[in-house]
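Heads up: the structure comes next, in structure tokens.
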Amino acid sequence: MQTLTPHVYWAQRHGDIYLRVELSDAKVLHGIKPMFLCWTAQGHGAKGDNDYEFSLDFLEPVKPEVSHRSTQRLVNVTVRKQEQRWWDRLTLQERKPLFLAPDFDRWLDESDAEMELQEEEKINKVSIESRIRKDPYLGLKKGYLFMYNLVQFLGFSWIFVNMTVRLFILGQDSFYDTFHTIADMMYFCQMMAVAEVINPLVGLVKTGVFPAMIQVVGRNVILFVIFGSLEEMQNKAVVFFVFYLWSTIEIFRYPFYMLACIDTDWKLLTWLRYSIWMPLYPLGVLAEAIAVIQSLPIFDETRLYSIPLPTVLGSSFSFSFTLKIYLVLMFLGLFINFRHLFRQRRRRMRSRKRKMN
């Protein structure tokens, strides 16, 4: 029995090579290497029952996996490409073998195959989403988060605009009455900000609890303890710089989160949210540190929040000592939050690049 070469028809997709061999009742053997396929079979072809064989030197590497599906009249062979990309031709040699021809039943050009791939991805995405159990309260959660971020945005925008207008009209004089003008709105916004610690705790947002807690607690210590309880601090210029830096950061952060609730991405706002904090956040912490340092002699003099001690141990435990420890923790928190925000920025930029590709 002589060995013959069967008729082979081929087509491709971005990830697969399809071969159709015209043999019936075939018993198939094959050997495959990264760039080479040797295919043999015993079956009934154009010249009756014989041994049939062909070999192909592929244009690019393939995976060492071959799947066969035999019918009464033909054998379907599928070979996986190592990289999902379109080949200019099937074989390494430019001149195709005589036994090889296009499989017009499965033939697509590159643009049609690209459209087919996109449709498959859409179907797979819908299939995956359909298997994921939908949260019946998702709309309510998004509505709450949207309204929360909207209220915070409006509050900090009022603070920012008010302080900017007063700065242009009054100049440096606006530095010294900032607290009496702005404090009520800042109190409201910072009390609302406690929700940013609660939201990740109850699973409303996928973010770390610890970084949010550092920022919220740190700001509230400055606002309620340093500025709120010491009248001597309320007329100092540092209040202006602390409030102005806080509001400048938040008028970009809150609308970014607000738009995320409705799956909207504004590129300019995204860039500002992940870029403007890099200079402003350290400046804000520096202004807070200056406020703490300025308050130390006042706490020592007034003995406010100091804890009385037995005579043997001393007169009292000064609150200023606690603030000195807090200063160290403040800069540690700056490092933790800065690293957290930088990682967020890097993930966001990677996600955008994947979407663009």
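Here the closest heavy-atom approach between residue S229 and residue L304 is recorded as O-CD2, 3.8 Å. N50 and Y52 get closest at one heavy-atom pair: O-CD1, 3.3 Å. Across V209 and P200, no two heavy atoms sit closer than the pair CG2-CB, 3.8 Å. The minimum heavy-atom distance between C38 and F36, with the atom names listed, is CB-CE2, 3.6 Å. Nearest heavy-atom pair, A195 versus Y144, reported as atom, atom and distance to 0.1 Å: CB-OH, 3.8 Å.
At least one side-chain heavy atom of F227 sits less than 4.5 Å from a side-chain heavy atom of V242. Put simply, the side chain of I17 reaches to within 4.5 Å of the side chain of W87, judged on heavy atoms. Considering only heavy atoms from C-beta on, W10 stays 4.5 Å or farther from Y18 through its side chain. Residues R89 and K96 are not in side-chain contact: their nearest non-hydrogen atoms beyond the backbone lie 4.5 Å or more apart. Contact check for I226 versus L323: side-chain heavy atoms found under the 4.5 Å cut-off. Residues I222 and M330 form a side-chain contact, since some pair of their non-hydrogen atoms from C-beta on lies under 4.5 Å apart. Put simply, the side chain of W266 does not reach to within 4.5 Å of the side chain of P255, judged on heavy atoms. Proximity of T91 to D57: side-chain heavy atoms (C-beta onward) are nowhere separated by under 4.5 Å.
When hydrophobic clusters are built by joining Ile, Leu, Val, Met, Phe, Trp and Tyr residues whose side-chain heavy atoms come closer than 4.5 Å, directly or via intermediates, L268 is grouped together with M258. Linking ILVMFWY residues whenever their side-chain heavy atoms come closer than 4.5 Å, directly or via other members, leaves L98 and L19 in distinct clusters. Placement of V238 and L283 within a single hydrophobic cluster is found when ILVMFWY residues are connected by side-chain heavy-atom separations under 4.5 Å, directly or transitively. One hydrophobic cluster holds both I262 and F256 under the rule that ILVMFWY side chains link at heavy-atom gaps under 4.5 Å. Note: the hydrophobic cluster containing I159 does not contain F168 (ILVMFWY, side chain heavy atoms under 4.5 Å, direct or indirect links).
Applying the ring pair (Phe, Tyr, Trp, His ring centres under 6.0 Å) criterion to F58, with sequence neighbours excluded, gives no partner residue. Residues satisfying the side-chain hydrogen bond (donor to acceptor under 3.5 Å, both in side chains) criterion with Q234, sequence neighbours excluded, are absent altogether. Judged as a salt bridge (charged side-chain N to carboxylate O under 4.0 Å, His left out), and not counting sequence neighbours, the contacts of D263 are K142. With sequence neighbours excluded, the residues satisfying salt bridge (charged side-chain N to carboxylate O under 4.0 Å, His left out) with R253 are E196, E250.
Distance CE/M163 to CH2/W158: 10.0 Å, rounded to 0.5 Å. Expressed to the nearest 0.5 Å, how far CD1 of I251 lies from CD1 of I276 amounts to 7.0 Å. Here CH2 of W86 is found 6.5 Å from CZ of R13. Values are rounded to the nearest 0.5 Å. One distance of note links OH of Y257 with CG of N199; it measures 11.5 Å at 0.5 Å rounding. With rounding to the nearest 0.5 angstrom, the CD atom of Q12 is 11.0 Å from the CZ atom of R85. With rounding to the nearest 0.5 Å, the separation of CD1 in I325 from OG in S320 is 10.0 Å.
A tilted orientation is assigned to the rings of Y9 and H7, their planes being inclined by 30° to 60°. Ring-plane geometry between Y148 and Y254 is classed as perpendicular, the angle between the planes exceeding 60 degrees on a 0 to 90 degree scale with a lower cut at 30.
Remark: side-chain polar atoms of Q42 are not paired, donor with acceptor, to backbone N or O of D51 under 3.5 angstrom.
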* Go through V21 and F54 one step at a time and tell me if the side chain to side chain contact (heavy atoms under 4.5 Å, CB included) criterion holds. => CA-CA 10 Å; V21 187; F54 70 90; 3.9 Å; yes

Could you walk me through whether L167 and F175 pass side chain to side chain contact (heavy atoms under 4.5 Å, CB included), step by step?
CA-CA 8 Å; L167 180 63; F175 291 175; 3.6 Å; yes

Worksheet entry | side chain to side chain contact (heavy atoms under 4.5 Å, CB included) assessment of T302 paired with F319 | CA-CA 10 Å; T302 61; F319 183 68; over 6 Å; no

- Does the side chain to side chain contact (heavy atoms under 4.5 Å, CB included) test come out yes or no for F243 and T181, once each step is laid out? CA-CA 11 Å; F243 284 6; T181 308; over 6 Å; no

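Here the rule is side chain to side chain donor-acceptor pair (under 3.5 Å) with D16, and of K81, K63, R80, Q84 only R80 fits it.
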Distance-only check: which donor-acceptor pairs under 3.5 Å involve side-chain atoms of residues 185-192, not counting sequence neighbours?
unit_1: Q190; atom_1: NE2; unit_2: N220; atom_2: OD1; d: 3.4

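Among residue pairs with one or both ends in residues 167-178, those qualifying as side chain to side chain donor-acceptor pair (under 3.5 Å) are R166-D177; sequence neighbours excluded.
Sparse packing is recorded around CZ of F321, with 12 or fewer heavy atoms of other residues, nucleotides or ligands lying under 6.0 Å away.
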